[in-house]
Amino acid sequence: MSPIYPSPLADFGYDVSDYKDIAPEFGTLGEFDRLVAEAGERGLGVLMDIVPCHTSIEHPWFREHPDWYIWADAPNNWTAAFGGSAWSPFNGRFYLHSFYPEQPDLDWRNPEVVAAMQDVLRFWIDRGAAGYRVDAIDRLLKDPELRDDPPASEPYGLPLRADEARFALSNSRNAPDMGEALAKIRAACGDAFLVGEVYLPSAKWQPYLEHFDCAFAFELMFSPWEAEPLRRAIEATTRQVRAAWAMSNHDFGRLATRFGEANARGAAMLLLTLPGTAFLYQGDEIGQGDGPPGESVYDRAGRDRFRHPMQWDASRNGGFTTGEPWLPAVDPAKRSVEAQRDDPRSMLSLVRELIALRRELGDGFELLEAADGVVAYRRGAHVVAVNTTAEARPAPVRGEPRLETVQGALRNGTLAGHSGAVVKD
Ligand code: GLC
């Protein structure tokens, strides 16, 4: 779950004003306990989204403990994630905010901050949370001397805004001693599941994986829907193992819009058969697309269109709420869980089949040579082949494909007109 703590909502809850409560918009601590208990009865764990690098400017800590934050007499050249300087004036000095000005960065070099946040981390684990998605974790430690970011000498490896891309971003994030702070997070969480939102190419994950279970694979997320770039992203990321695959989320948009409606099935097949943890963004299992563009009421960075509610049924609000949702449902009459549940050819049925199949796939992974337009790999006894084009083409699958695990995907050894196949080799 994205953050559900009390928040002034300058950043959709990623500006937390109280880490140990539930926002009244979402419910109560008692309801949280019930959610965890009922999820547990169904064999599910609840992951919280924790935001350790910054608080809301309205968090009492900002007034009561200004020394828990990062201050300077004058700004350096660091830029904020949503544009402009990462520094804003307050009481004659400047505080650092890697994101919106309403989100001052905590100083993780201050032991009191570490202790306070460890206390928060223990709080939800003690209440039954299974672990955390750890937000923007490459920002946890910066250069202690707050030196300027030097000019970039090589590409960053992931998309950046043009003004950010001019710099190496080596001082404003991902400090060399990062591991020490990550160890403090792990120490408070025991063996709970921790996935890091590390906005770095996978080649730089090592310190994070020493303490966390996995990190989001942004190289795949940003790959165009073309076989060669997809293969390269998968190859780079699987060198590390322990990827958390995600191809859509609340920041960058939904599967069906990012990769094209025709490719949503193939994208889901990749996402759910690669080796590691998969994160499927709610709505993607029914092929929901982004909301109307241009509308930006809640998020100043324009991400509202990625955040329209889940469509459970065909009613006006998609069965998401009996009240008025913040953002309207996009097309519940066209697609919903209810409409797809019993249709064996629906996207929802495909996703369910793939999730069931994951248990059989085993640990092995080998990228295969593939014909143009096809991404193929071996997972134990299975071969996965995903067609990135709509055109007819021979299957790259070796051996005699027999078992057609994913319905209707394979015909006589060709992927013609199909999004892909998972076959027993
Ligand atoms: C992460 C979240 C994003 C948020 C930012 C600042 O990137 O996914 O939604 O704006 O952190 O907390």
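Just follow the structure's listing: the first ligand is 1, and inside any ligand the first atom is 1. Just so it is clear, the model here is predicted, and its values are computed rather than measured.
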- Query: Relative to the heavy atoms of H54, which atoms of ligand 1 are at a distance of less than 4.0 Å?
  - Reply: 6 (C), 12 (O)
- Item | Per-residue contact class, F82 against ligand 1 - non-hydrogen pairs under 4.0 Å | side chain
- When you measure from atom 9 (O) of ligand 1 to every protein heavy atom, which one gives the shortest distance, and what is it? D251 OD1, 2.6 Å
- Tell me, which protein residue and heavy-atom name are nearest atom 7 (O) of ligand 1, and how many Å apart are they? E197 OE2, 2.8 Å
- Which of E102, H54, H250, Q103 passes side chain to side chain donor-acceptor pair (under 3.5 Å) with Y14? It is H250
- Query: Which residue supplies the protein heavy atom nearest to atom 5 (C) of ligand 1, what is that atom called, and how far is it?
  - Reply: F99 CE2, 3.7 Å
- Query: Taking 4.0 angstrom as the limit, do D105 and K142 come out as a salt bridge?
  - Reply: yes
- Query: Are W87 and N76 linked by a side-chain donor-acceptor pair shorter than 3.5 Å?
  - Reply: yes
- Task: Using a 4.0 Å heavy-atom cut-off, say whether R307 meets ligand 1 through its side chain, its backbone, both or neither.
- Result: side chain
- Look at atom 10 (O) of ligand 1 and say which protein heavy atom is nearest, naming residue and atom and giving the distance to 0.1 Å. D11 OD2, 2.6 Å
- Query: Salt bridge between D177 and R109, side-chain N to carboxylate O under 4.0 Å?
  - Reply: yes
- Query: Looking just at side-chain N and O atoms, do T79 and N77 make a donor-acceptor pair shorter than 3.5 Å?
  - Reply: no
- Message: I'd like to know if D290 pairs up with R307 as an ion pair, taking the criterion as any Lys NZ or Arg NE/NH1/NH2 lying under 4.0 Å from an Asp or Glu carboxylate oxygen.
- Response: no
- Any heavy atom of R133 under 4.0 Å from ligand 1? The part involved is side chain
- Any Lys/Arg nitrogen of D18 or K20 sitting under 4.0 Å from an Asp/Glu carboxylate oxygen of the other? no
- Item | For atom 2 (C) of ligand 1, the protein heavy atom that lies nearest, with its residue and separation | D135 OD1, 3.1 Å
- Go through ligand 1 atom by atom and flag the ones less than 4.0 Å from a non-hydrogen atom of R303. 3 (C), 4 (C), 9 (O), 10 (O)
